[in-house]
Number of protein chains: 2
Amino acid sequence: MTEKKELILETALKLFAERGFDTTPTSMIAKEAGVSEGLIFRHFTNKEGLMDAILAMSEERMARHVKSIVALAEPLAKIHATIELPVKLFSEEREFWKLQFSLKWQKKYRGQSYRPSGYYLELVEVITDAFRQLGYAEPEKEVLLLVMLIDGLSNQLMQQPSEAFIEQTLSFLKSKYQLDKLKS
Amino acid sequence: MTEKKELILETALKLFAERGFDTTPTSMIAKEAGVSEGLIFRHFTNKEGLMDAILAMSEERMARHVKSIVALAEPLAKIHATIELPVKLFSEEREFWKLQFSLKWQKKYRGQSYRPSGYYLELVEVITDAFRQLGYAEPEKEVLLLVMLIDGLSNQLMQQPSEAFIEQTLSFLKSKYQLDKLKS
DNA sequence: GTCTATACGGGGATAGAC
DNA sequence: GTCTATCCCCGTATAGAC
């Protein structure tokens, strides 16, 4: 992966996340990256190839996050980490996460990288089990609820990314799940 | 409002919701509506004017829904109605709701019809009060949680719109809030 | 109010030099 | 690997007849 190719990828990721895929001309990506427009097509064939490269990159990053949650021993710790995942992603990989969320609403990419891929299903299974171990009556439904919460939290992060707000909300959420008892 | 103008509006709403604003050419709208392309511009000036008309229409519909929630007497009834709102909207006005959600992720329309407009703020206020009346310790935070839940639920409805799933989730959610009430 | 025909610009993509 | 120049289509928008 040459330096300029990498640069194109990063720039495209940022612009797609900020402005959307089809309202971002390749000319703009080239200009922003300080690169000729033709180079984009030399490296990625076409605009969609560029998006696919970004998606592949993202998939890999997500899988890594999930793996680290699954690896935790305590069921409570798993739930704790899952709640914190959106915040973690937003602080570390804001642009990517934004892009993922926007893609859900674009028909073209619905079901591609978003659709329950391996890591997502694995996470659901693991969290269901965690709830079961903690003695929740309906673990499957609890997971559904948690997924909703996480989706909603991510939306909030998009609109209101103030540090104070995030911290407040997070601790409130954790208290709901009695996660404050957890030793960090 | 002439019949064809109305038809254009409905068709555009449907197509924008399905395929997104900027991946839907005006030619397609015209064809689908069985109307000449020129007519669209005669009625709505430009493509954006068409979107604005849709948004105005939507705003009105939403305001009506909120009004009916606010009008409820019991605080618990208000909360339940709020939880049920996404489902109600999805069954009655699916296309519109879908479009609203997708718009949040398009820079152009972020902060336009989505941004906390009158009815949203009113609803938040009313629900905060409802939580307070029910004796919740931190009503403001409870509202935040509920908003998250509703966002998340809406996302779920997009991905998994099976009747059984919706009914299950909904009753689970409601039971959660009833239990909380009894606890306090 | 509605249609047909057409102008115009911009965005994706290619060719070929270096 | 990278750049410059260029092509061409398609989507928005306008003009003008009916």
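- Following rounding to the nearest Å, Met1(B) (CE) and dG1(C) (C1') show an atom-to-atom distance of 15 Å.
- Take the nearest nucleotide of DNA chain C for Thr24(A) and for Arg42(A): the residue whose nucleotide is more 5' is Thr24(A).
- Rounded to whole Å, atom C1' of dT4(C) lies 17 Å from atom NZ of Lys31(B).
- The bend of the helix from dG1(C)-dC18(D) to dC18(C)-dG1(D), defined by the angle between the axes of its first five and last five pairs, stands at 0° to the nearest 10°.
- Here Lys4(B) reaches the OP1 or OP2 of dC3(C): one of its side-chain N or O atoms lies under 4.0 Å away.
- Checking the phosphate oxygens (OP1, OP2) of dG12(C), a side-chain nitrogen or oxygen of Thr26(A) falls inside 4.0 Å.
- Side-chain proximity of Leu39(A) to the nucleotides dT12(D), dT2(D), dG12(C) is greatest for dT2(D).
- Cation-pi geometry between Lys5(B) and Phe44(B) is met: under 6.0 angstrom from the ring centre, within 45 degrees of the axis.
- Nucleotide dC3(D) holds its P atom 10 Å from the CD1 atom of Ile40(A), rounded to whole Å.
- Residue Leu15(B) contributes atom CG, which lies 15 Å from atom C1' of dG11(D) at whole-angstrom precision.
- Nearest-nucleotide mapping onto DNA chain D: of Thr2(A) and Thr45(B), the residue sitting toward the 5' end is Thr2(A).
- Between His43(B) and Glu6(B), the side chains place no donor N or O within less than 3.5 Å of an acceptor N or O (distance only, hydrogens not considered).
- For the pair Phe96(A)/Met62(A), a side-chain contact is recorded, criterion being any heavy-atom separation below 4.5 Å from C-beta on.
- For Asp22(A) and dC10(D), the CG to C1' distance is 15 Å, given to the nearest whole Å.
- Following rounding to the nearest Å, Glu37(B) (CD) and dT12(D) (C1') show an atom-to-atom distance of 7 Å.
- Between Leu157(B) and Arg94(B), the shortest heavy-atom contact is O-NH2, 4.0 Å.
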Could you walk me through whether Glu140(B) and Arg132(B) satisfy the salt bridge (charged side-chain N to carboxylate O under 4.0 Å, His left out) test, starting with their C-alpha distance in whole Å, then the side-chain angles of each, then the deciding distance to 0.1 Å, before giving a yes or no?
CA-CA 9 Å; Glu140(B) 288 83 5; Arg132(B) 189 173 293 115; 3.2 Å; yes
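- Relative to the ring axis of Phe131(B), Lys141(B) does not place its NZ or CZ within 45° and under 6.0 Å from the centre.
- Straight-line distance from the CD1 atom of Ile8(B) to the P atom of dC3(C): 8 Å, rounded to whole Å.
- Regarding Phe44(A), its CZ atom lies at a distance of 15 Å from the P atom of dG12(C), rounded to whole Å.
- The shortest side-chain heavy-atom distance between Glu84(B) and Lys174(B) falls under the 4.5 Å cut-off.
- In the set dC3(C), dG16(C), dT14(D), the nucleotide with an atom closest to the side chain of Phe41(B) is dT14(D).
- The phosphate of dT2(C) (OP1 or OP2) has no side-chain N or O of Ser36(B) nearer than 4.0 angstrom.
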